[in-house]
Number of protein chains: 6
Amino acid sequence: MRPSGRNLSEMRAVSIETGVTKHAEGSCLIKMGDTHVLCTASVEERVPPFIKGSGLGWVTAEYGMLPRSTSSRMRREATSGKQGGRTVEIQRLIGRSLRAGVDRVAMGERQITVDCDVIQADGGTRCASITGGWVALRMAVNKLMKVGDIKTDPLISPVAAISCGMYAGQAVLDLDYPEDSEAGVDGNFILRGDGQLIEVQMSAEGATFSRDQMAQLMDLAEKGVNELVAAQLAAFA
Amino acid sequence: MRPSGRNLSEMRAVSIETGVTKHAEGSCLIKMGDTHVLCTASVEERVPPFIKGSGLGWVTAEYGMLPRSTSSRMRREATSGKQGGRTVEIQRLIGRSLRAGVDRVAMGERQITVDCDVIQADGGTRCASITGGWVALRMAVNKLMKVGDIKTDPLISPVAAISCGMYAGQAVLDLDYPEDSEAGVDGNFILRGDGQLIEVQMSAEGATFSRDQMAQLMDLAEKGVNELVAAQLAAFA
Amino acid sequence: MRPSGRNLSEMRAVSIETGVTKHAEGSCLIKMGDTHVLCTASVEERVPPFIKGSGLGWVTAEYGMLPRSTSSRMRREATSGKQGGRTVEIQRLIGRSLRAGVDRVAMGERQITVDCDVIQADGGTRCASITGGWVALRMAVNKLMKVGDIKTDPLISPVAAISCGMYAGQAVLDLDYPEDSEAGVDGNFILRGDGQLIEVQMSAEGATFSRDQMAQLMDLAEKGVNELVAAQLAAFA
Amino acid sequence: MRPSGRNLSEMRAVSIETGVTKHAEGSCLIKMGDTHVLCTASVEERVPPFIKGSGLGWVTAEYGMLPRSTSSRMRREATSGKQGGRTVEIQRLIGRSLRAGVDRVAMGERQITVDCDVIQADGGTRCASITGGWVALRMAVNKLMKVGDIKTDPLISPVAAISCGMYAGQAVLDLDYPEDSEAGVDGNFILRGDGQLIEVQMSAEGATFSRDQMAQLMDLAEKGVNELVAAQLAAFA
Amino acid sequence: MRPSGRNLSEMRAVSIETGVTKHAEGSCLIKMGDTHVLCTASVEERVPPFIKGSGLGWVTAEYGMLPRSTSSRMRREATSGKQGGRTVEIQRLIGRSLRAGVDRVAMGERQITVDCDVIQADGGTRCASITGGWVALRMAVNKLMKVGDIKTDPLISPVAAISCGMYAGQAVLDLDYPEDSEAGVDGNFILRGDGQLIEVQMSAEGATFSRDQMAQLMDLAEKGVNELVAAQLAAFA
Amino acid sequence: MRPSGRNLSEMRAVSIETGVTKHAEGSCLIKMGDTHVLCTASVEERVPPFIKGSGLGWVTAEYGMLPRSTSSRMRREATSGKQGGRTVEIQRLIGRSLRAGVDRVAMGERQITVDCDVIQADGGTRCASITGGWVALRMAVNKLMKVGDIKTDPLISPVAAISCGMYAGQAVLDLDYPEDSEAGVDGNFILRGDGQLIEVQMSAEGATFSRDQMAQLMDLAEKGVNELVAAQLAAFA
């Protein structure tokens, strides 16, 4: 029995509201249950030094949590003088995942920065950031295509992410915070809408897992990502 | 003629939505036109070392802007390794202003941290932060009084803030971004609901002002704060 | 009765000694009673990126306190790894104030950095820094005019600053440290020699003030700045 | 055909030399071909605040690369003022992986820090660090058991790690640097000697992968880890 | 011929003015020609953790240069976020040198911090800091003895320092800046008033030196320190 | 009697193994008894700004200690956010010393960075770093001469360093850690193979020394450096 009463393979309610800030080229507020992330996509002309002159585009991401997005107040990273290890890991993952859905030649030599800021956290913030981040990216690309700066759509397929884990001995989909803090094994699965895998991270803290369990989690993740991609596409309808 | 078409003494539309995050003891989303700030109040048992054992309470504030709250993307302060000078100035001002409305003996030896995070900026973010911050503070105090941790209401009077400035030679109320970037003189006025002044900051960049102009701006500010206090109280109705 | 025995509208003894270091283009040691600040002006060819190629000049300021300028030793900011919030606020104020007295076109595309280092502190260091900083700036500009690098005097009018506050219920001029630590309301007033206001900062900690009190403090400030401007001009005689 | 001429499922030559520094409680120099990592284990009495008084032990890890361990000299992290994102990710992975093989109750309330310093890099440094780190940990635990500070062996099973990836369309075991820089998909597999999985990280940069390819890489990894565990045990013979 | 016209063994004019700040327990302004350093000694009750409870005293030092103490303006260390390597070296040397003249048992468990801030630099600032620092220390100790906090004089003998170097092929005493920037070999010699050596640092940049030259410089240094000790003692007369 | 049983003028066993890493242009592992330092020399085309276009070469050095090179684990400097004062002092000394043996015109406008990383420490790490660093530098220069990038040998004479000190009242050569922690006076002597002195640093902590003792230590140092130069040259045989 899950704390939320959900079935083992039941995801939380997903909502994606687009166009939530007037300045960003793309933006959305994604809610996975009580996890709320504001995602914006910013188009910038400058590219990182290592691709200057290559004609290739770049997608990068940054991640942050508002101090009181969590149950007890966290110290603001701007005051502690640096981004913590967890933050750095997550934003590298978001950037890498989104790039796997992009044709960087078609994108042209420009950079899109996806900012994911957690307004309220209840588990699964990195997955929500990727899923919502893709929506913001899609909007920004649409805008560039509309004005003719990009000719061919560089977005190959939607990118979405979901967590699964072993909770109380059973494989469950879309861990919320109470489950996440109890789960001995949890994984993040990033897939494209065409079913291809981009990244799989399965990790045990104080436990281990078998290949068989790995397969069960993988099955759940495929189901979850299918639902998320539907929600992403619906946000544009 | 103001860019927005407003009258000289007309404030932007104000909206204050309370209870916007489930974790914080107090929270609101304040909108002053296109300036949107999320304010949360967090009650903490620890107090700063300089008041430990004094029996007095402390209210402090932190301020941040999401990277794409602005027209072009700003660098995230967490990645630049420190809070900029402007951020530090603003959060010191917010804390100082809110404390001026608090009876620190009645509050008891505890700390309330008010976080003001700008979701979308269009001028006047520090004033919106103070006005919204007080609403979040009021909610947190109400919660402490309800459970009996605080016996006597420590909030003397509402605290609200508004900017005024000389725009195109005329004194105007509540500068938005297009006005703010043109105004040679602008001021921030923080008042209590009982009409007492807490802080006045008038500053000229590339200009100066006379005592007479100072009085005009002050008159506008008093009008604006009266309207803001009404909005604060209405948010609890 | 003031701790120093001064009358309510009596300033401390002011002394301004120019040419105190051989390297700087302009320098002075200003003493306001026991507050001693060493001010230097350094002419630099490089300008900040945001005015490069504009033909406009820039005046900026930095502020520091020697570790034992205060009653008990302060930690050196160079060892704590950053300038504190108070330091940043003060040096922004000094730079902004001095710029208000400068015709940046006449100055030409160059930068003058005014460094204000507090040798001994007894209240009012920011005001002494502005008043002394203007003298150092005046000397550096004179030198540039003498060699013909600047043709038209870019200094519109002297800039000077004074603090006033409510001490023991009365408006007093030029707070020293014992008064400053007791005053519920204090203000810094920056004016030009021609009587125009540049910046007014009035702030209450643990108190509030009325518009009437605001006017009293303003009157004192005008008197004080007149005396300071006389002292600035006398330093060149 | 692999650049090194190895078969698809052939690992590089492994050598593990123990006791290479006189100060550390455990130490080894592990060589996976031209990748050389010095691993030390340091027993410390202090534990992190979050387990103080719990009776539980803690294993943590730090990772570094000597500036000229790489083909062109890298900037020393001590001079750039912080550990980079990649470093932080790797050392968190090493610590998490080693803890999965530890009975923290049997270990008792103490901390063992495993330092992994790359002397020479040729791909796979994080996997070599985990495999060598476990050997250093084993030695330190043996020493604690010998003197009676630990009664029951807290090391459940050896922990070892290997990378696999898709190189030129084929699944290959133990990527060296030339393969790693070309591989579109690579994974790190951390397993215990008893076959249980601890962590699986599969990641695509500029590519994607299928569930079938995932299974192939997993098969290779199981083969590789078996060989590594044999080498770990042989190091103590 | 020396740029200043001094004889080979002639020191610059030395002046030591005591009691220059009202807050510090000891203070002086030392001038060695155009090198001016403000030295203060601050008595503090807290001692560093490594001597807590030992009954021993500690003397430490910090060193800084005002931004325009030099010919062209230097960046303020507080803004660059850390003390540079040269600063750290110098302040470690000052502290070590002064401690060599102190009986730490007689001093009692307290700390005296000597701050040396360079107002104007013209070569030899570290030596002037040591010589002036001892005067400030002497004053602070005298004050502690006067009130009975210290019973037995802990200052064994005065400590003073002088630089010597090979300039244009000749050994010269007390290098000023024009000599220092040309000298291939220069040394700092710290001695006690009783003739014992505390520290000798001889260093060649783009040159080397012989044992014979080493002896010549040593002879000059002994002469110079004798004169400095006389000036130190005269400052108290 | 020395703790190690060595004679007063007996150095520890020296071993220098060259070519220990495949990437660096020059490298060696130097062992002075139980002090082991890995030295690499990296040739880089970029030179520091202050010599750009001068045609002169530059040799610089960096120094680090592995966390468990010492008896108890040290904090990694990369995690503490900066290099400590001791590290900065040592690496400045290494660079300065090596440059004294280099004809910077013959070297040509390029930079060689010598990295000295302490694998195991038992006293005298800075001296071992200089002696081993020169061997790495020699190898890198040989490689540049072999390919014709350098025509004339820029290395004037070998550079080596040794520590001496007063231990239990007697002058001893090559202090190991137990001696170093007891010695009241210790010195580092850097010489060239031709007998010229490069740097002499003699320092007393809690003691002083006479000119006569200075001469005894100097005699020992000359003996030691002769032996070290022989070992350096033998490493190339």
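Note that this is a predicted model, so its numbers are computed, not measured. Letters A, B, ... are given to chains in the order of the sequence lines, protein chains preceding strands, and every chain is numbered from 1.
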Out of A:His23, A:Glu25, A:Glu62, which one pairs with B:Arg73 under the side-chain hydrogen bond (donor to acceptor under 3.5 Å, both in side chains) rule?
-> A:Glu62

Under a 4.5 Å heavy-atom cut-off, does chain A meet the side chain of B:Glu44, its backbone, both or neither?
-> side chain

In terms of heavy-atom proximity below 4.5 Å to chain A, should B:Val20 be classed as side chain, backbone, both, or neither?
-> backbone

Highest number of heavy-atom pairs under 4.5 Å with chain B among A:Lys22, A:Glu77, A:Arg68 belongs to A:Arg68

Please state whether the side chain, the backbone, both or neither of B:Ser42 comes within less than 4.5 Å of a heavy atom of chain A.
-> both

A:Thr87 versus chain B, the contacting section by heavy-atom distance below 4.5 Å = neither

The interface call for B:Ser27 against chain A, heavy-atom contacts under 4.5 Å, is neither

Portion of A:Thr70 that has a non-hydrogen atom of chain B nearer than 4.5 angstrom | backbone

Given a strict heavy-atom distance threshold of 4.5 Å, which part of B:Asp117 is in contact with chain A: side chain, backbone, both, or neither?
-> side chain

Determine whether A:Asp115 and B:Leu66 make a side-chain contact, defined as any pair of heavy atoms from C-beta on separated by less than 4.5 Å.
-> no

Mark yes or no for whether B:His36, through its side chain, and A:Thr21, through its backbone, hold a donor-acceptor pair below 3.5 Å.
-> no

